[in-house]
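Only one structure is covered here, and it is reproduced in the block below.
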Amino acid sequence: MEPWTIQKLLGWVTEYFTGKGIDAPRLSAEWLLCYVLGAKRIELYTQFNKAVGPEHLSQLHELVKRAAAHEPIAYITGKKEFYSIEFEITKDCLIPRPETELLVERAIELLRTRTGEQFVCDLCTGSGCIAVAIARNFAGCRIVATDISDAALAIAEKNVAKHGLTNRIKLLQGDLFAPVIAGLGPAQFDLIVSNPPYVSEPEYEKLAPNVKDFEPKSALTAGKDGLDIIKKIIAETGQHLKPAGTLMFEIGNEQGNAVRNLLETAGYFSDVKIEKDYSNLDRLAIAVTKPAK
Ligand code: GLN
């Protein structure tokens, strides 16, 4: 029998994933093969005709079976790229989404317009991807990142260490601002960012199996209308933002009007904006507090 070359395997796995309705079938096949071979993606292409040995084949076979049952590739390989940075990922944290890069981009743009050291707070940090991406791209900031889940914070800790940011990102366990205590560090921030859980109960039931059956529910859902956590964040932000400070958080694609309304009626914001993502869906809420008198 002809040997299984990298090229042939990629072709076969891609076709198999396509038939199973797996997202990005070719890319998913490449990631799994890279993981099994311990190779970079480019190396698959420079060694296209290389035969893959029986041990690697049987390992790949097992992983392909898991992925075909909708287990996310990021959980299988334990890695995910976000904002061109590699993150460690486990089933205890949400897998970073490309649409969340918009929040990071706006946060970095904003920080670059300000002077002096900037204090940032990242709520519901999960894998720590937002805090790490901001800190890596804006040297003049310190970040406090909180999460209610100890298990998620353990991954965030790995990611913060992996990217050499231990002395700029402080991780704290607790519900939203609960662990942010004046005297133990900054309690008022120039910028507060978050990708909170915002999926409504009915939406959750309709999520694709790769999300619903594998990602932590507590990182996704926030009550009947998905606004429970967002409401809490808005209510507590007043005490934790400096004058002319900014609150920026991700929202669901149908939450723009409701969130605008919540921000406008909170009383301490002078400017509220809802921004759409690259798919033209509501994705980001940005609100600025009134300047100092
Ligand atoms: N956008 C994510 C999803 O639909 C939800 C992320 C979140 O709740 N923060 O799966």
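The first residue in the sequence is number 1, and the count goes up from there. In listed order, ligands and their atoms are each counted from 1.
- Checked against a 3.5 angstrom limit, the closest N/O atoms of Pro196 and ligand 1 fall inside it.
- Using a distance-only test at 3.5 Å, with no hydrogens or angles considered, no donor-acceptor pair links the side chain of Arg283 to the main chain of Thr100.
- With hydrogens and angles disregarded, a donor-acceptor distance shorter than 3.5 Å links the side chain of Asn159 to the backbone of Glu88.
- Taking each of Ile95, Val211, Leu207 in turn, the one with a heavy atom nearest to atom 4 (O) of ligand 1 proves to be Leu207.
- Just one of Ile143, Val180, Leu247 meets the side-chain contact (heavy atoms from CB on, under 4.5 Å) condition when paired with Phe189; it is Val180.
- For atom 10 (O) of ligand 1, the nearest protein heavy atom (residue, atom name, distance) is Arg97 NH2, 2.7 Å.
- Set against the non-hydrogen atoms of Leu220, the atoms of ligand 1 under 4.0 Å away are 5 (C), 8 (O), 10 (O).
- Considering each of Phe249, Tyr198, Tyr204, the one bringing a non-hydrogen atom nearest atom 5 (C) of ligand 1 is Tyr198.
- Distance alone, capped at 3.5 Å, places no donor-acceptor pair between the Lys20 side chain and the Lys65 backbone.
- Side chain of Glu101 to main chain of Tyr83: a donor-acceptor pair is present (N/O by atom type, distance under 3.5 Å, no hydrogens or angles).
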